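Below: the structure, in C-alpha coordinates.
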Number of protein chains: 2
Amino acid sequence: MTKEQDIARGSLSCAKCPLRKREIFRVFEADELSFVEHFKKGDLAVRRGATLLVEGAHNPHLYTVRSGWGFRYKLLEDGRRQIVNYVMPGDLVGLQGSLMGEMQHSVEALSPMQLCVFEKAELFTLYERFPGLAYDITWLASREECMLDEHLLTVGRRTAVEKVAYLLAFVLDRAKESGLSSNGTLELTQQHVADTLGISLVHTNKTIARLVDRKYVKWEDGGCRILNPEGLGELAGWMSGSSAKRPFL
Amino acid sequence: MTKEQDIARGSLSCAKCPLRKREIFRVFEADELSFVEHFKKGDLAVRRGATLLVEGAHNPHLYTVRSGWGFRYKLLEDGRRQIVNYVMPGDLVGLQGSLMGEMQHSVEALSPMQLCVFEKAELFTLYERFPGLAYDITWLASREECMLDEHLLTVGRRTAVEKVAYLLAFVLDRAKESGLSSNGTLELTQQHVADTLGISLVHTNKTIARLVDRKYVKWEDGGCRILNPEGLGELAGWMSGSSAKRPFL
DNA sequence: CGAGTGATTGAGGATGCTCAAACCACGTGG
DNA sequence: CCACGTGGTTTGAGCATCCTCAATCACTCG
(Lines give C-alpha, C1' and ligand atoms only; values in the text may rest on other atoms or scores of the structure.)
Protein backbone atom coordinates (compact mmCIF):
# COMPACT_ATOMS: atom_id res chain seq x y z
CA MET A 1 0.00 0.00 0.00
CA THR A 2 2.90 2.30 0.62
CA LYS A 3 4.89 1.23 -2.37
CA GLU A 4 2.05 2.05 -4.68
CA GLN A 5 1.88 5.56 -3.36
CA ASP A 6 4.13 8.34 -4.32
CA ILE A 7 3.89 11.78 -2.86
CA ALA A 8 5.77 14.54 -4.60
CA ARG A 9 5.75 18.26 -4.02
CA GLY A 10 3.23 19.95 -6.23
CA SER A 11 4.84 20.89 -9.46
CA LEU A 12 1.71 21.84 -11.28
CA SER A 13 0.20 25.27 -10.67
CA CYS A 14 -3.45 25.15 -9.67
CA ALA A 15 -4.22 28.00 -12.00
CA LYS A 16 -3.08 25.91 -14.90
CA CYS A 17 -4.80 22.75 -13.70
CA PRO A 18 -6.46 21.22 -16.75
CA LEU A 19 -9.48 20.27 -14.66
CA ARG A 20 -10.30 23.91 -14.12
CA LYS A 21 -10.86 24.38 -17.81
CA ARG A 22 -13.79 22.00 -17.95
CA GLU A 23 -16.96 24.03 -18.16
CA ILE A 24 -18.59 22.02 -15.42
CA PHE A 25 -16.46 23.57 -12.69
CA ARG A 26 -17.00 27.03 -11.32
CA VAL A 27 -14.37 29.72 -11.86
CA PHE A 28 -12.24 30.72 -8.92
CA GLU A 29 -11.14 34.17 -7.86
CA ALA A 30 -7.45 34.92 -7.96
CA ASP A 31 -7.09 34.97 -4.18
CA GLU A 32 -8.93 31.69 -3.85
CA LEU A 33 -6.62 30.13 -6.38
CA SER A 34 -3.51 31.31 -4.64
CA PHE A 35 -4.80 30.04 -1.31
CA VAL A 36 -5.59 26.64 -2.74
CA GLU A 37 -2.14 26.59 -4.20
CA HIS A 38 -0.74 27.20 -0.75
CA PHE A 39 -3.17 24.74 0.81
CA LYS A 40 -2.01 22.01 -1.51
CA LYS A 41 0.82 20.02 -0.02
CA GLY A 42 1.73 17.72 -2.86
CA ASP A 43 0.64 15.19 -5.41
CA LEU A 44 -0.23 11.58 -4.95
CA ALA A 45 -0.16 8.99 -7.68
CA VAL A 46 -1.56 5.52 -7.15
CA ARG A 47 -1.87 2.63 -9.50
CA ARG A 48 -4.90 0.60 -10.38
CA GLY A 49 -5.98 -1.64 -7.54
CA ALA A 50 -4.15 0.33 -4.86
CA THR A 51 -5.95 1.09 -1.61
CA LEU A 52 -5.93 4.81 -1.13
CA LEU A 53 -7.57 4.96 2.27
CA VAL A 54 -8.34 2.26 4.77
CA GLU A 55 -11.38 1.91 7.00
CA GLY A 56 -10.43 2.47 10.61
CA ALA A 57 -7.23 4.38 9.88
CA HIS A 58 -6.38 7.94 10.82
CA ASN A 59 -5.06 9.93 7.95
CA PRO A 60 -3.75 13.49 8.19
CA HIS A 61 -4.61 14.18 4.58
CA LEU A 62 -7.47 15.16 2.40
CA TYR A 63 -7.47 14.69 -1.35
CA THR A 64 -8.94 15.98 -4.55
CA VAL A 65 -9.05 13.59 -7.45
CA ARG A 66 -7.23 15.08 -10.42
CA SER A 67 -7.44 12.13 -12.81
CA GLY A 68 -8.59 8.54 -12.87
CA TRP A 69 -11.29 7.04 -10.71
CA GLY A 70 -11.92 4.66 -7.84
CA PHE A 71 -14.56 3.52 -5.41
CA ARG A 72 -15.42 3.90 -1.75
CA TYR A 73 -16.46 0.74 0.06
CA LYS A 74 -17.16 -0.84 3.42
CA LEU A 75 -16.62 -4.39 4.57
CA LEU A 76 -18.45 -6.70 6.94
CA GLU A 77 -16.31 -8.88 9.17
CA ASP A 78 -16.83 -11.97 7.05
CA GLY A 79 -15.72 -10.19 3.92
CA ARG A 80 -19.00 -9.12 2.38
CA ARG A 81 -18.28 -5.89 0.55
CA GLN A 82 -20.51 -2.95 -0.25
CA ILE A 83 -19.35 -0.33 -2.69
CA VAL A 84 -20.84 2.88 -1.50
CA ASN A 85 -19.94 5.30 -4.27
CA TYR A 86 -17.40 6.09 -6.94
CA VAL A 87 -14.89 8.92 -6.83
CA MET A 88 -14.01 10.85 -9.96
CA PRO A 89 -12.06 13.95 -10.99
CA GLY A 90 -13.07 16.96 -8.97
CA ASP A 91 -14.27 14.89 -6.01
CA LEU A 92 -13.02 15.50 -2.52
CA VAL A 93 -11.85 12.32 -0.81
CA GLY A 94 -11.36 11.78 2.89
CA LEU A 95 -13.47 14.60 4.25
CA GLN A 96 -15.31 12.31 6.65
CA GLY A 97 -12.05 11.19 8.15
CA SER A 98 -10.98 14.80 8.48
CA LEU A 99 -14.02 15.82 10.43
CA MET A 100 -14.86 12.74 12.41
CA GLY A 101 -11.59 11.08 13.31
CA GLU A 102 -11.06 7.68 11.82
CA MET A 103 -12.15 6.68 8.34
CA GLN A 104 -15.39 4.78 8.14
CA HIS A 105 -14.71 3.42 4.68
CA SER A 106 -11.88 2.46 2.36
CA VAL A 107 -11.18 3.65 -1.15
CA GLU A 108 -9.53 1.75 -3.96
CA ALA A 109 -8.37 2.89 -7.37
CA LEU A 110 -10.08 1.51 -10.47
CA SER A 111 -7.48 3.06 -12.73
CA PRO A 112 -4.24 4.90 -12.19
CA MET A 113 -5.13 8.01 -10.22
CA GLN A 114 -3.56 11.36 -9.56
CA LEU A 115 -4.63 13.34 -6.54
CA CYS A 116 -3.83 16.62 -4.87
CA VAL A 117 -2.93 16.30 -1.23
CA PHE A 118 -4.11 18.70 1.45
CA GLU A 119 -3.48 18.87 5.14
CA LYS A 120 -6.62 18.31 7.12
CA ALA A 121 -5.20 20.33 9.99
CA GLU A 122 -5.37 23.40 7.79
CA LEU A 123 -8.97 22.90 6.83
CA PHE A 124 -10.22 25.23 9.50
CA THR A 125 -7.97 28.01 8.24
CA LEU A 126 -9.70 27.65 4.92
CA TYR A 127 -13.03 28.05 6.69
CA GLU A 128 -11.80 31.20 8.42
CA ARG A 129 -10.30 32.89 5.43
CA PHE A 130 -12.36 31.71 2.47
CA PRO A 131 -16.02 31.28 3.27
CA GLY A 132 -16.65 30.77 -0.42
CA LEU A 133 -14.43 27.72 -0.48
CA ALA A 134 -15.93 26.51 2.78
CA TYR A 135 -19.33 26.78 1.20
CA ASP A 136 -18.05 24.81 -1.76
CA ILE A 137 -16.90 22.01 0.47
CA THR A 138 -20.29 21.83 2.12
CA TRP A 139 -21.81 21.82 -1.34
CA LEU A 140 -19.72 18.84 -2.30
CA ALA A 141 -20.65 16.99 0.88
CA SER A 142 -24.27 17.72 0.17
CA ARG A 143 -23.98 16.42 -3.34
CA GLU A 144 -22.44 13.23 -2.06
CA GLU A 145 -25.36 12.85 0.32
CA CYS A 146 -27.72 13.25 -2.59
CA MET A 147 -26.02 10.50 -4.56
CA LEU A 148 -26.08 8.20 -1.56
CA ASP A 149 -29.80 8.76 -1.14
CA GLU A 150 -30.34 7.71 -4.71
CA HIS A 151 -28.12 4.67 -4.27
CA LEU A 152 -30.15 3.64 -1.26
CA LEU A 153 -33.31 3.92 -3.30
CA THR A 154 -31.67 1.74 -5.92
CA VAL A 155 -30.32 -0.96 -3.66
CA GLY A 156 -33.42 -1.01 -1.52
CA ARG A 157 -36.24 -0.72 -3.96
CA ARG A 158 -35.25 -1.16 -7.58
CA THR A 159 -35.36 -4.58 -9.28
CA ALA A 160 -32.19 -6.23 -10.49
CA VAL A 161 -32.51 -4.97 -14.07
CA GLU A 162 -33.37 -1.49 -12.86
CA LYS A 163 -30.39 -1.61 -10.55
CA VAL A 164 -27.91 -2.43 -13.23
CA ALA A 165 -29.50 0.06 -15.61
CA TYR A 166 -29.34 2.77 -12.99
CA LEU A 167 -25.76 2.08 -12.05
CA LEU A 168 -24.45 2.12 -15.57
CA ALA A 169 -26.39 5.24 -16.49
CA PHE A 170 -25.27 6.95 -13.30
CA VAL A 171 -21.62 6.10 -13.57
CA LEU A 172 -21.45 6.98 -17.25
CA ASP A 173 -23.15 10.28 -16.57
CA ARG A 174 -20.67 11.23 -13.90
CA ALA A 175 -17.74 9.95 -15.91
CA LYS A 176 -18.68 12.09 -18.87
CA GLU A 177 -19.26 15.10 -16.66
CA SER A 178 -15.83 14.83 -15.13
CA GLY A 179 -14.13 14.09 -18.40
CA LEU A 180 -13.34 10.44 -17.75
CA SER A 181 -15.13 8.54 -20.45
CA SER A 182 -15.52 10.22 -23.77
CA ASN A 183 -16.31 7.05 -25.69
CA GLY A 184 -19.06 5.56 -23.55
CA THR A 185 -16.77 2.93 -22.12
CA LEU A 186 -16.44 2.03 -18.42
CA GLU A 187 -13.66 -0.12 -17.06
CA LEU A 188 -15.16 -2.04 -14.18
CA THR A 189 -15.78 -5.69 -13.46
CA GLN A 190 -19.09 -7.39 -12.87
CA GLN A 191 -17.91 -8.00 -9.34
CA HIS A 192 -17.89 -4.23 -8.81
CA VAL A 193 -21.38 -3.95 -10.21
CA ALA A 194 -22.53 -6.77 -7.93
CA ASP A 195 -20.94 -5.22 -4.84
CA THR A 196 -22.45 -1.85 -5.60
CA LEU A 197 -25.96 -3.14 -6.08
CA GLY A 198 -26.08 -5.70 -3.32
CA ILE A 199 -26.65 -8.71 -5.56
CA SER A 200 -24.53 -11.79 -6.21
CA LEU A 201 -21.97 -12.00 -8.96
CA VAL A 202 -23.81 -14.76 -10.78
CA HIS A 203 -27.09 -12.95 -10.74
CA THR A 204 -25.39 -9.76 -11.84
CA ASN A 205 -23.95 -11.60 -14.79
CA LYS A 206 -27.32 -12.96 -15.84
CA THR A 207 -28.96 -9.58 -15.43
CA ILE A 208 -26.32 -7.88 -17.52
CA ALA A 209 -26.82 -10.56 -20.16
CA ARG A 210 -30.42 -9.46 -20.47
CA LEU A 211 -29.34 -5.87 -21.04
CA VAL A 212 -26.83 -7.05 -23.61
CA ASP A 213 -29.58 -8.98 -25.41
CA ARG A 214 -31.67 -5.87 -25.55
CA LYS A 215 -28.73 -3.92 -26.95
CA TYR A 216 -28.48 -1.44 -24.10
CA VAL A 217 -24.85 -2.31 -23.43
CA LYS A 218 -22.06 -4.47 -24.68
CA TRP A 219 -19.64 -6.19 -22.36
CA GLU A 220 -16.08 -6.16 -23.55
CA ASP A 221 -12.89 -7.47 -22.01
CA GLY A 222 -12.55 -5.77 -18.67
CA GLY A 223 -15.27 -3.23 -19.03
CA CYS A 224 -18.48 -2.33 -20.73
CA ARG A 225 -19.63 -0.10 -23.53
CA ILE A 226 -22.87 1.77 -23.03
CA LEU A 227 -24.87 1.76 -26.25
CA ASN A 228 -28.00 3.48 -25.01
CA PRO A 229 -27.55 5.63 -21.91
CA GLU A 230 -30.96 7.32 -22.21
CA GLY A 231 -32.63 3.94 -22.52
CA LEU A 232 -30.91 2.78 -19.35
CA GLY A 233 -32.06 5.86 -17.50
CA GLU A 234 -35.63 5.28 -18.62
CA LEU A 235 -35.47 1.63 -17.67
CA ALA A 236 -34.37 2.56 -14.19
CA GLY A 237 -36.73 5.48 -13.84
CA TRP A 238 -33.84 7.80 -13.24
CA MET A 239 -32.80 11.10 -14.73
CA SER A 240 -29.39 12.63 -14.74
CA GLY A 241 -29.22 15.26 -12.02
CA SER A 242 -28.66 18.94 -12.62
CA SER A 243 -25.39 19.55 -14.35
CA ALA A 244 -25.04 23.02 -12.92
CA LYS A 245 -21.62 24.43 -12.34
CA ARG A 246 -19.96 22.80 -9.43
CA PRO A 247 -17.00 23.74 -7.29
CA PHE A 248 -13.89 21.76 -6.65
CA LEU A 249 -10.65 21.87 -4.68
CA MET B 1 -49.72 20.11 4.25
CA THR B 2 -50.20 23.76 4.96
CA LYS B 3 -52.83 23.31 7.58
CA GLU B 4 -50.62 21.04 9.60
CA GLN B 5 -47.88 23.60 9.71
CA ASP B 6 -47.72 26.55 11.92
CA ILE B 7 -44.95 29.08 11.80
CA ALA B 8 -44.65 31.47 14.67
CA ARG B 9 -42.02 34.00 15.50
CA GLY B 10 -39.40 32.56 17.74
CA SER B 11 -40.41 33.05 21.28
CA LEU B 12 -37.80 30.84 22.83
CA SER B 13 -34.30 32.19 23.31
CA CYS B 14 -31.63 29.99 21.80
CA ALA B 15 -29.48 30.41 24.87
CA LYS B 16 -32.19 28.82 26.94
CA CYS B 17 -32.93 26.08 24.44
CA PRO B 18 -33.26 22.87 26.44
CA LEU B 19 -31.43 20.97 23.71
CA ARG B 20 -28.26 22.87 24.42
CA LYS B 21 -28.12 21.46 27.90
CA ARG B 22 -27.70 17.91 26.70
CA GLU B 23 -24.09 16.93 27.16
CA ILE B 24 -23.87 15.53 23.65
CA PHE B 25 -23.90 18.96 22.03
CA ARG B 26 -20.93 21.27 21.96
CA VAL B 27 -21.05 24.56 23.83
CA PHE B 28 -21.45 27.73 21.80
CA GLU B 29 -19.69 31.04 22.24
CA ALA B 30 -21.82 34.03 23.17
CA ASP B 31 -21.45 35.68 19.77
CA GLU B 32 -22.33 32.44 18.00
CA LEU B 33 -25.42 32.14 20.12
CA SER B 34 -26.56 35.64 19.40
CA PHE B 35 -25.98 35.16 15.70
CA VAL B 36 -28.00 31.94 15.65
CA GLU B 37 -30.71 33.78 17.51
CA HIS B 38 -30.76 36.38 14.77
CA PHE B 39 -30.47 33.72 12.07
CA LYS B 40 -33.52 31.94 13.38
CA LYS B 41 -36.67 33.16 11.72
CA GLY B 42 -39.33 31.29 13.63
CA ASP B 43 -40.70 28.04 14.88
CA LEU B 44 -42.49 25.32 13.01
CA ALA B 45 -44.72 22.75 14.60
CA VAL B 46 -46.04 19.80 12.63
CA ARG B 47 -48.16 16.92 13.70
CA ARG B 48 -47.54 13.24 13.31
CA GLY B 49 -47.85 12.11 9.71
CA ALA B 50 -47.38 15.58 8.25
CA THR B 51 -45.08 16.01 5.30
CA LEU B 52 -42.46 18.58 6.18
CA LEU B 53 -40.67 18.77 2.87
CA VAL B 54 -41.59 17.42 -0.52
CA GLU B 55 -39.33 15.92 -3.15
CA GLY B 56 -39.07 18.24 -6.12
CA ALA B 57 -40.15 21.36 -4.27
CA HIS B 58 -38.18 24.54 -3.72
CA ASN B 59 -38.20 25.67 -0.15
CA PRO B 60 -36.64 28.88 1.11
CA HIS B 61 -36.11 27.42 4.55
CA LEU B 62 -33.73 25.29 6.47
CA TYR B 63 -34.63 23.64 9.76
CA THR B 64 -33.20 22.28 12.93
CA VAL B 65 -35.20 19.64 14.73
CA ARG B 66 -35.94 20.74 18.26
CA SER B 67 -38.18 17.89 19.36
CA GLY B 68 -39.83 14.81 17.93
CA TRP B 69 -38.62 12.78 15.02
CA GLY B 70 -39.34 11.90 11.41
CA PHE B 71 -37.87 10.25 8.36
CA ARG B 72 -36.43 11.24 5.00
CA TYR B 73 -37.57 9.18 2.03
CA LYS B 74 -37.63 8.92 -1.73
CA LEU B 75 -40.29 7.46 -4.00
CA LEU B 76 -40.20 5.63 -7.29
CA GLU B 77 -42.89 6.52 -9.81
CA ASP B 78 -44.96 3.45 -9.05
CA GLY B 79 -45.01 4.19 -5.34
CA ARG B 80 -42.18 2.05 -4.07
CA ARG B 81 -40.75 3.91 -1.10
CA GLN B 82 -37.27 3.96 0.36
CA ILE B 83 -36.68 5.52 3.74
CA VAL B 84 -33.22 6.97 3.58
CA ASN B 85 -32.64 8.10 7.14
CA TYR B 86 -34.32 9.37 10.27
CA VAL B 87 -34.14 12.91 11.58
CA MET B 88 -33.93 13.61 15.29
CA PRO B 89 -33.37 16.51 17.67
CA GLY B 90 -30.26 18.46 16.74
CA ASP B 91 -30.37 17.40 13.09
CA LEU B 92 -30.31 19.91 10.30
CA VAL B 93 -33.06 19.34 7.75
CA GLY B 94 -33.22 20.67 4.22
CA LEU B 95 -29.56 21.49 3.68
CA GLN B 96 -29.45 19.66 0.37
CA GLY B 97 -32.31 21.72 -0.95
CA SER B 98 -30.54 24.84 0.24
CA LEU B 99 -27.40 24.14 -1.64
CA MET B 100 -28.60 22.34 -4.71
CA GLY B 101 -31.93 23.84 -5.64
CA GLU B 102 -34.87 21.52 -5.45
CA MET B 103 -35.33 18.90 -2.78
CA GLN B 104 -34.34 15.39 -3.76
CA HIS B 105 -36.28 13.73 -0.97
CA SER B 106 -39.32 14.24 1.24
CA VAL B 107 -39.53 14.21 5.01
CA GLU B 108 -42.45 13.11 7.15
CA ALA B 109 -43.02 13.39 10.88
CA LEU B 110 -43.23 10.21 12.95
CA SER B 111 -44.37 12.15 15.99
CA PRO B 112 -45.33 15.74 16.64
CA MET B 113 -42.26 17.80 15.83
CA GLN B 114 -40.98 21.25 16.67
CA LEU B 115 -38.38 22.85 14.46
CA CYS B 116 -36.45 26.08 14.25
CA VAL B 117 -36.75 27.82 10.91
CA PHE B 118 -33.85 29.49 9.13
CA GLU B 119 -33.62 31.39 5.90
CA LYS B 120 -31.46 29.59 3.42
CA ALA B 121 -30.65 32.88 1.72
CA GLU B 122 -28.74 33.90 4.84
CA LEU B 123 -26.68 30.76 5.00
CA PHE B 124 -23.79 32.33 3.19
CA THR B 125 -23.68 35.17 5.68
CA LEU B 126 -23.20 32.56 8.35
CA TYR B 127 -20.28 31.18 6.38
CA GLU B 128 -18.74 34.62 6.11
CA ARG B 129 -19.11 35.64 9.69
CA PHE B 130 -18.90 32.40 11.66
CA PRO B 131 -16.45 29.92 10.24
CA GLY B 132 -16.92 27.83 13.35
CA LEU B 133 -20.60 27.41 12.63
CA ALA B 134 -19.86 26.79 8.97
CA TYR B 135 -17.50 24.05 10.01
CA ASP B 136 -20.22 22.63 12.21
CA ILE B 137 -22.62 22.45 9.31
CA THR B 138 -20.09 20.60 7.21
CA TRP B 139 -19.53 18.32 10.15
CA LEU B 140 -23.21 17.52 10.29
CA ALA B 141 -23.33 16.86 6.56
CA SER B 142 -20.35 14.58 6.91
CA ARG B 143 -21.98 12.68 9.72
CA GLU B 144 -25.08 12.19 7.62
CA GLU B 145 -22.90 10.81 4.85
CA CYS B 146 -21.39 8.38 7.31
CA MET B 147 -24.78 7.10 8.37
CA LEU B 148 -25.86 6.69 4.77
CA ASP B 149 -22.76 4.65 4.03
CA GLU B 150 -23.65 2.32 6.85
CA HIS B 151 -27.25 2.08 5.66
CA LEU B 152 -26.04 1.13 2.22
CA LEU B 153 -23.93 -1.60 3.71
CA THR B 154 -26.98 -2.80 5.58
CA VAL B 155 -29.45 -2.75 2.74
CA GLY B 156 -26.97 -4.14 0.27
CA ARG B 157 -25.12 -6.79 2.20
CA ARG B 158 -26.70 -7.69 5.51
CA THR B 159 -29.23 -10.53 5.81
CA ALA B 160 -32.80 -9.84 6.82
CA VAL B 161 -32.25 -10.56 10.52
CA GLU B 162 -29.06 -8.52 10.54
CA LYS B 163 -30.91 -5.72 8.81
CA VAL B 164 -33.67 -5.50 11.37
CA ALA B 165 -31.19 -5.87 14.21
CA TYR B 166 -29.03 -3.10 12.81
CA LEU B 167 -31.91 -0.75 12.23
CA LEU B 168 -33.37 -1.10 15.70
CA ALA B 169 -29.98 -0.81 17.38
CA PHE B 170 -29.11 2.20 15.23
CA VAL B 171 -32.35 4.07 15.73
CA LEU B 172 -32.43 3.41 19.45
CA ASP B 173 -28.84 4.56 19.77
CA ARG B 174 -29.56 7.83 18.04
CA ALA B 175 -32.82 8.31 19.86
CA LYS B 176 -31.13 7.94 23.23
CA GLU B 177 -28.33 10.24 22.20
CA SER B 178 -30.72 12.98 21.21
CA GLY B 179 -32.93 12.48 24.20
CA LEU B 180 -35.91 10.97 22.42
CA SER B 181 -36.36 7.57 23.93
CA SER B 182 -35.45 7.13 27.53
CA ASN B 183 -37.37 3.91 28.01
CA GLY B 184 -36.08 1.86 25.08
CA THR B 185 -39.29 2.30 23.14
CA LEU B 186 -39.58 3.30 19.49
CA GLU B 187 -42.82 4.34 17.88
CA LEU B 188 -42.61 3.16 14.32
CA THR B 189 -44.57 0.67 12.25
CA GLN B 190 -43.28 -2.46 10.58
CA GLN B 191 -43.99 -0.75 7.29
CA HIS B 192 -41.36 1.83 8.16
CA VAL B 193 -38.89 -0.88 9.02
CA ALA B 194 -39.64 -2.61 5.72
CA ASP B 195 -39.24 0.57 3.70
CA THR B 196 -35.96 1.38 5.39
CA LEU B 197 -34.43 -2.02 4.84
CA GLY B 198 -35.68 -2.71 1.34
CA ILE B 199 -37.68 -5.81 2.24
CA SER B 200 -41.40 -6.52 2.03
CA LEU B 201 -43.80 -5.91 4.87
CA VAL B 202 -44.67 -9.59 5.23
CA HIS B 203 -41.09 -10.68 5.35
CA THR B 204 -40.28 -7.91 7.79
CA ASN B 205 -43.01 -9.16 10.04
CA LYS B 206 -41.70 -12.71 10.00
CA THR B 207 -38.16 -11.53 10.61
CA ILE B 208 -39.22 -9.41 13.56
CA ALA B 209 -41.09 -12.41 14.91
CA ARG B 210 -37.81 -14.28 15.08
CA LEU B 211 -36.22 -11.48 17.07
CA VAL B 212 -39.22 -11.44 19.36
CA ASP B 213 -38.86 -15.21 19.92
CA ARG B 214 -35.27 -14.71 20.86
CA LYS B 215 -36.24 -11.97 23.31
CA TYR B 216 -34.27 -9.22 21.63
CA VAL B 217 -37.33 -7.03 21.23
CA LYS B 218 -41.00 -6.93 22.01
CA TRP B 219 -43.55 -5.50 19.62
CA GLU B 220 -46.26 -3.49 21.25
CA ASP B 221 -49.19 -1.60 19.85
CA GLY B 222 -47.76 0.97 17.50
CA GLY B 223 -44.11 0.56 18.31
CA CYS B 224 -41.47 -1.71 19.73
CA ARG B 225 -39.55 -2.10 22.91
CA ILE B 226 -35.88 -2.96 22.67
CA LEU B 227 -34.96 -5.50 25.30
CA ASN B 228 -31.36 -6.12 24.34
CA PRO B 229 -29.73 -3.34 22.35
CA GLU B 230 -26.20 -4.70 22.68
CA GLY B 231 -27.36 -8.09 21.49
CA LEU B 232 -28.90 -6.50 18.43
CA GLY B 233 -25.69 -4.67 17.66
CA GLU B 234 -23.70 -7.88 17.94
CA LEU B 235 -26.18 -9.74 15.78
CA ALA B 236 -25.79 -7.13 13.08
CA GLY B 237 -22.04 -6.78 13.46
CA TRP B 238 -22.44 -3.12 14.19
CA MET B 239 -21.12 -0.86 16.89
CA SER B 240 -22.50 2.43 17.98
CA GLY B 241 -20.41 5.20 16.48
CA SER B 242 -18.38 7.71 18.42
CA SER B 243 -20.56 9.69 20.73
CA ALA B 244 -18.22 12.64 20.75
CA LYS B 245 -19.61 16.08 21.26
CA ARG B 246 -21.44 17.27 18.24
CA PRO B 247 -22.57 20.66 17.06
CA PHE B 248 -26.04 21.77 16.21
CA LEU B 249 -27.93 24.78 14.90
C1' DC C 1 2.97 -24.25 -20.44
C1' DG C 2 0.64 -23.13 -15.98
C1' DA C 3 -1.41 -19.68 -13.14
C1' DG C 4 -4.51 -15.99 -12.55
C1' DT C 5 -8.41 -13.04 -13.60
C1' DG C 6 -12.88 -12.31 -15.08
C1' DA C 7 -17.02 -13.96 -17.58
C1' DT C 8 -20.38 -17.51 -18.25
C1' DT C 9 -23.47 -21.47 -17.50
C1' DG C 10 -26.32 -24.97 -15.15
C1' DA C 11 -28.51 -27.05 -11.18
C1' DG C 12 -30.84 -27.01 -6.97
C1' DG C 13 -32.29 -24.75 -3.01
C1' DA C 14 -32.94 -20.71 0.21
C1' DT C 15 -34.76 -16.43 0.65
C1' DG C 16 -38.03 -13.21 -0.04
C1' DC C 17 -42.11 -11.83 -2.82
C1' DT C 18 -47.25 -11.25 -3.80
C1' DC C 19 -51.85 -12.30 -2.85
C1' DA C 20 -55.33 -13.03 0.23
C1' DA C 21 -57.48 -13.44 4.45
C1' DA C 22 -58.02 -12.89 9.21
C1' DC C 23 -57.31 -10.50 13.44
C1' DC C 24 -57.06 -6.92 16.78
C1' DA C 25 -57.53 -2.46 18.99
C1' DC C 26 -59.44 1.67 18.22
C1' DG C 27 -62.62 5.37 17.24
C1' DT C 28 -66.96 6.88 14.89
C1' DG C 29 -71.68 7.43 14.31
C1' DG C 30 -76.30 5.52 14.38
C1' DC D 1 -74.68 -0.48 22.75
C1' DC D 2 -73.32 -2.22 18.45
C1' DA D 3 -72.02 -2.00 13.56
C1' DC D 4 -68.56 -0.34 10.84
C1' DG D 5 -64.25 1.41 9.03
C1' DT D 6 -59.36 2.03 9.70
C1' DG D 7 -54.59 1.12 10.54
C1' DG D 8 -51.45 -2.07 11.82
C1' DT D 9 -50.10 -6.88 12.63
C1' DT D 10 -50.19 -11.76 11.69
C1' DT D 11 -50.62 -16.08 8.95
C1' DG D 12 -50.61 -19.33 5.07
C1' DA D 13 -49.86 -20.66 0.32
C1' DG D 14 -47.57 -20.62 -3.91
C1' DC D 15 -44.32 -18.67 -6.76
C1' DA D 16 -40.40 -15.56 -8.47
C1' DT D 17 -36.15 -13.98 -7.52
C1' DC D 18 -31.85 -14.54 -6.16
C1' DC D 19 -28.32 -17.33 -3.86
C1' DT D 20 -24.53 -20.85 -3.54
C1' DC D 21 -21.86 -24.35 -5.46
C1' DA D 22 -19.39 -26.02 -9.09
C1' DA D 23 -17.56 -26.24 -13.44
C1' DT D 24 -16.00 -24.26 -17.77
C1' DC D 25 -14.14 -20.91 -20.89
C1' DA D 26 -11.42 -17.04 -22.81
C1' DC D 27 -7.62 -14.42 -22.27
C1' DT D 28 -3.29 -12.47 -20.44
C1' DC D 29 1.06 -12.78 -18.38
C1' DG D 30 5.32 -14.69 -16.61
Side-chain angles (χ1 to χ4, degrees), chain A residues 47-50 71 76 78-83 108-111 154-165 167-168 185-213 216-225 235, chain B residues 47-50 71 76 78-83 108-111 154-168 185-213 217-225 235:
Chain A
R47 49 181 85 156
R48 200 190 104 130
F71 59 93
L76 248 23
D78 60 2
R80 280 174 285 175
R81 178 175 77 169
Q82 177 67 39
I83 295 182
E108 183 178 322
L110 275 167
S111 74
T154 299
V155 176
R157 287 305 186 200
R158 286 195 234 252
T159 66
V161 192
E162 289 170 345
K163 284 182 190 185
V164 175
L167 179 63
L168 297 181
T185 269
L186 298 171
E187 288 199 14
L188 70 154
T189 69
Q190 300 192 351
Q191 185 69 64
H192 292 125
V193 176
D195 285 348
T196 310
L197 299 174
I199 53 187
S200 75
L201 176 60
V202 173
H203 194 236
T204 299
N205 178 276
K206 288 170 183 168
T207 307
I208 289 177
R210 283 157 65 192
L211 290 180
V212 172
D213 280 348
Y216 283 106
V217 301
K218 203 162 130 189
W219 210 267
E220 306 173 335
D221 55 337
C224 78
R225 175 178 302 277
L235 233 183
Chain B
R47 48 180 85 153
R48 201 190 104 128
F71 59 93
L76 249 21
D78 61 2
R80 280 174 285 175
R81 179 174 76 169
Q82 176 68 39
I83 296 182
E108 183 178 322
L110 275 167
S111 74
T154 299
V155 176
R157 288 306 187 199
R158 286 196 234 251
T159 66
V161 192
E162 288 170 347
K163 284 181 189 185
V164 176
Y166 162 76
L167 180 62
L168 297 182
T185 268
L186 298 171
E187 288 198 14
L188 64 139
T189 70
Q190 300 192 350
Q191 185 68 64
H192 292 125
V193 175
D195 285 347
T196 310
L197 299 174
I199 53 186
S200 76
L201 176 59
V202 173
H203 193 237
T204 299
N205 178 276
K206 288 171 182 167
T207 307
I208 289 177
R210 283 159 63 193
L211 290 180
V212 172
D213 280 349
V217 301
K218 203 161 133 189
W219 210 268
E220 306 173 336
D221 55 337
C224 76
R225 173 178 304 276
L235 233 182

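Letters A, B, ... mirror the listed sequences (proteins, then strands); counts begin at 1. Here the structure is a predicted model, which means the values were calculated and not measured.
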Checklist outcome for this item: Separation between CD (E187(A)) and SG (C224(A)), nearest 0.5 Å, reads 10.0 Å
Item to check | Separation of dT15(C) P from L197(B) CG (nearest whole Å) | outcome: 17 Å
Checklist entry - Once you round it to whole Å, what is the distance between P of dC26(C) and CG of D221(B)? => result 6 Å
Next on the checklist: Q191(A) and side chain to side chain contact (heavy atoms under 4.5 Å, CB included): which single residue from T189(A), L188(A), V193(A) fits?
Outcome noted: T189(A)
Checklist entry - Quick one: D78(B) CG to dC17(C) C1', roughly how many Å, whole number? => result 15 Å
Item to check | Main-chain N/O of R157(A) paired with R80(B) side-chain donor or acceptor, under 3.5 Å | outcome: yes
Checklist entry - Partners of R225(A) by side-chain contact (heavy atoms from CB on, under 4.5 Å), sequence neighbours excluded? => result T185(A), K218(A), E220(A), L227(A)
Checklist outcome for this item: A correct 5'-to-3' footprint of nucleotides 9-26 of chain D, with B, S and - meaning base, sugar-phosphate only and no protein heavy atom under 4.0 Å, is SBBBB----SSBB-----
Checklist entry - For the residue pair L211(B) and V161(B), what are the closest heavy atoms and their distance? => result CD2-CG1, 3.8 Å
